[in-house]
There are 2 protein chains.
Amino acid sequence: MVNQQPLDGIFHALADPTRRAVVHRLLKGAAPVTQLAGPFDMGLPAFLKHLAVLEGAGLIRSEKRGRVRTCHIEADRLGAAETWLSDQRAIWQGRADRLADFIESQTDQEHEI
Amino acid sequence: MVNQQPLDGIFHALADPTRRAVVHRLLKGAAPVTQLAGPFDMGLPAFLKHLAVLEGAGLIRSEKRGRVRTCHIEADRLGAAETWLSDQRAIWQGRADRLADFIESQTDQEHEI
DNA sequence: TTGTTGGTTCACCATATGGTGAATTATAAG
DNA sequence: CTTATAATTCACCATATGGTGAACCAACAA
């Protein structure tokens, strides 16, 4: 996989329930690693990998103060994904000939009857 | 990976530039497999796996008539992802204390000065 | 019937992903 | 100084992912 467009990382990061839950949690406020990891049934090393994926995708940011690392959400990166999706919807909605697909699917069904 | 929530599959499917391009293409109208595969620099077997991922996620549908399989977009599935994202944005925007994050980050910087 | 075309299946491979337990480091707290 | 806590690193493992080439099947065309 040579390609590494930003959307690749963002969508990949969001394709995991643990990571989505972390995003969801962080939207309500920053939190340190161990506290974030609390609800999940996995070891710290595994959880850190999830955080690394999120941070690599730019969805979160983290700073270490003393021995505690605090994670923050980077909300505008979510916007990048949202934008791509709404662009696609715009294309879909803008189609003049969407009816063709419907008719086609009906024709298919007739053959099955 | 035991968990298989619908969003897992949808986001995973969208985390690949080839698959996003296929979605983009199909939004403009249905197309047969070989024609869809045309622009991409990979063999048919590899491309079929991408289609399988998209179909598994419910993002596309396909029917075979004669020897040609025609693929259609399933646009409402995109909506599921869009909805999750806009829900998250709602949480973010609804936060009363977003300022706290900003102040915290400023405090961090002061210590570095 | 003989190609040719559109898809499919198969066996295989390299790398990525998501997890583990154990050892390690660094900062706080007693 | 000693110990507990927060996080990190390391070696390792099973499975998933994304690709290949070659063989194959089914349908249309000549």
Side-chain angles (χ1 to χ4, degrees), chain A residues 1-23 25-26 30-57 59-72 108 111, chain B residues 1-23 25-26 30-57 59-72 104 108 111-112:
Chain A
M1 210 192 310
V2 190
N3 213 322
Q4 250 312 6
Q5 300 176 270
L7 284 176
D8 289 22
I10 297 176
F11 280 127
H12 171 245
L14 296 178
D16 180 286
T18 299
R19 294 193 291 259
R20 283 198 304 279
V22 169
V23 166
R25 165 67 188 77
L26 286 180
V33 169
T34 309
Q35 179 182 319
L36 269 181
F40 303 100
D41 184 23
M42 70 181 71
L44 246 273
F47 188 76
L48 285 178
K49 287 187 191 177
H50 285 297
L51 288 186
V53 170
L54 285 166
E55 196 152 14
L59 286 168
I60 71 174
R61 193 174 19 99
S62 75
E63 292 117 21
K64 196 167 182 176
R65 155 122 40 234
R67 62 181 167 174
V68 23
R69 175 176 298 279
T70 305
C71 301
H72 319 255
D108 290 353
H111 277 265
Chain B
M1 209 191 309
V2 190
N3 215 323
Q4 251 313 5
Q5 300 176 269
L7 283 177
D8 290 22
I10 296 176
F11 280 127
H12 171 246
L14 296 178
D16 180 286
T18 299
R19 293 192 290 256
R20 283 198 305 277
V22 169
V23 166
R25 164 65 187 77
L26 286 181
V33 169
T34 309
Q35 179 183 318
L36 270 181
F40 302 101
D41 184 25
M42 70 181 72
L44 247 272
F47 188 76
L48 284 180
K49 287 189 192 178
H50 284 298
L51 288 186
V53 170
L54 286 166
E55 195 152 14
L59 287 168
I60 71 174
R61 190 174 23 99
S62 76
E63 292 116 22
K64 196 166 182 178
R65 154 120 44 232
R67 61 180 168 176
V68 23
R69 175 176 297 279
T70 304
C71 301
H72 320 254
E104 195 168 338
D108 290 353
H111 277 264
E112 283 160 14

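Atoms considered below: every heavy atom in the structure, side chains included; atoms not considered: hydrogens, waters and symmetry mates. Letters A, B, ... are given to chains in the order of the sequence lines, protein chains preceding strands, and every chain is numbered from 1. Computed from a prediction, not measured in an experiment: that's the story for all the values here.
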With sequence neighbours excluded, what pairs up with A:Arg20 under the salt bridge (Lys or Arg N to Asp or Glu O under 4.0 Å) test? B:Asp8

Nucleotide D:dT20, atom P - distance to NE2 of B:His50 in whole Å: 9 Å

Using the test salt bridge (Lys or Arg N to Asp or Glu O under 4.0 Å), find all partners of A:Arg25 that sit at least two apart in sequence or belong to another chain. none

Grab the CG-P distance between A:Asp16 and D:dT15 for me, whole Å please. 18 Å

Assert: residue with more 5' nearest nucleotide on DNA chain C, out of A:Gly43 and B:Arg69, is B:Arg69

Quick check on contacts: within residues 35-42 of chain A, what sits under 4.0 Å from DNA chain D by heavy-atom distance? none

Report the distance from atom CG of B:Leu48 to atom P of D:dG19, rounded to the nearest whole Å. 12 Å

Rounded off to whole Å, could you give me the CG-to-P distance for the B:Leu54 and D:dG18 pair? 11 Å

Measure from NZ on B:Lys49 to C1' on C:dT9 and round the result to the nearest Å. 11 Å

Can you identify which nucleotide, out of C:dT9, D:dT8, D:dT17, has its nearest atom closest to the B:His12 side chain? D:dT17

Rounding to a whole Å, what distance do you find between A:Leu44:CG and C:dG18:P? 17 Å

List for me each residue that meets side chain to side chain contact (heavy atoms under 4.5 Å, CB included) alongside A:Ala37, sequence neighbours excluded, and say none if there are none. A:Leu44, A:Phe47

When you compare the side chain of B:Leu59 with that of B:Val22, does any pair of heavy atoms fall below 4.5 Å? no

Between protein and nucleotides 25-30 of chain D, map the contacts as a letter string: B base, S sugar-phosphate only, - none, heavy atoms under 4.0 Å, written 5' to 3'. --BS--

Measure from CZ on B:Arg19 to C1' on D:dG19 and round the result to the nearest Å. 12 Å

Residue mapping more 5' on DNA chain C - nearest nucleotide basis, A:Pro45 or A:Val68: A:Pro45

Going by heavy atoms in the side chains, are A:Leu26 and A:Leu36 under 4.5 Å from each other? yes

Please list every donor-acceptor pair under 3.5 Å in which a side-chain atom of residues 48-56 of chain A meets a protein atom from a residue at least two apart or in another chain.
| residue | atom | partner | partner atom | Å |
| --- | --- | --- | --- | --- |
| A:His50 | ND1 | A:Arg19 | NH1 | 3.1 |
| A:Glu55 | OE1 | A:Ser62 | OG | 3.3 |
| A:Glu55 | OE2 | A:Ser62 | N | 3.1 |
| A:Glu55 | OE2 | A:Ser62 | OG | 3.1 |

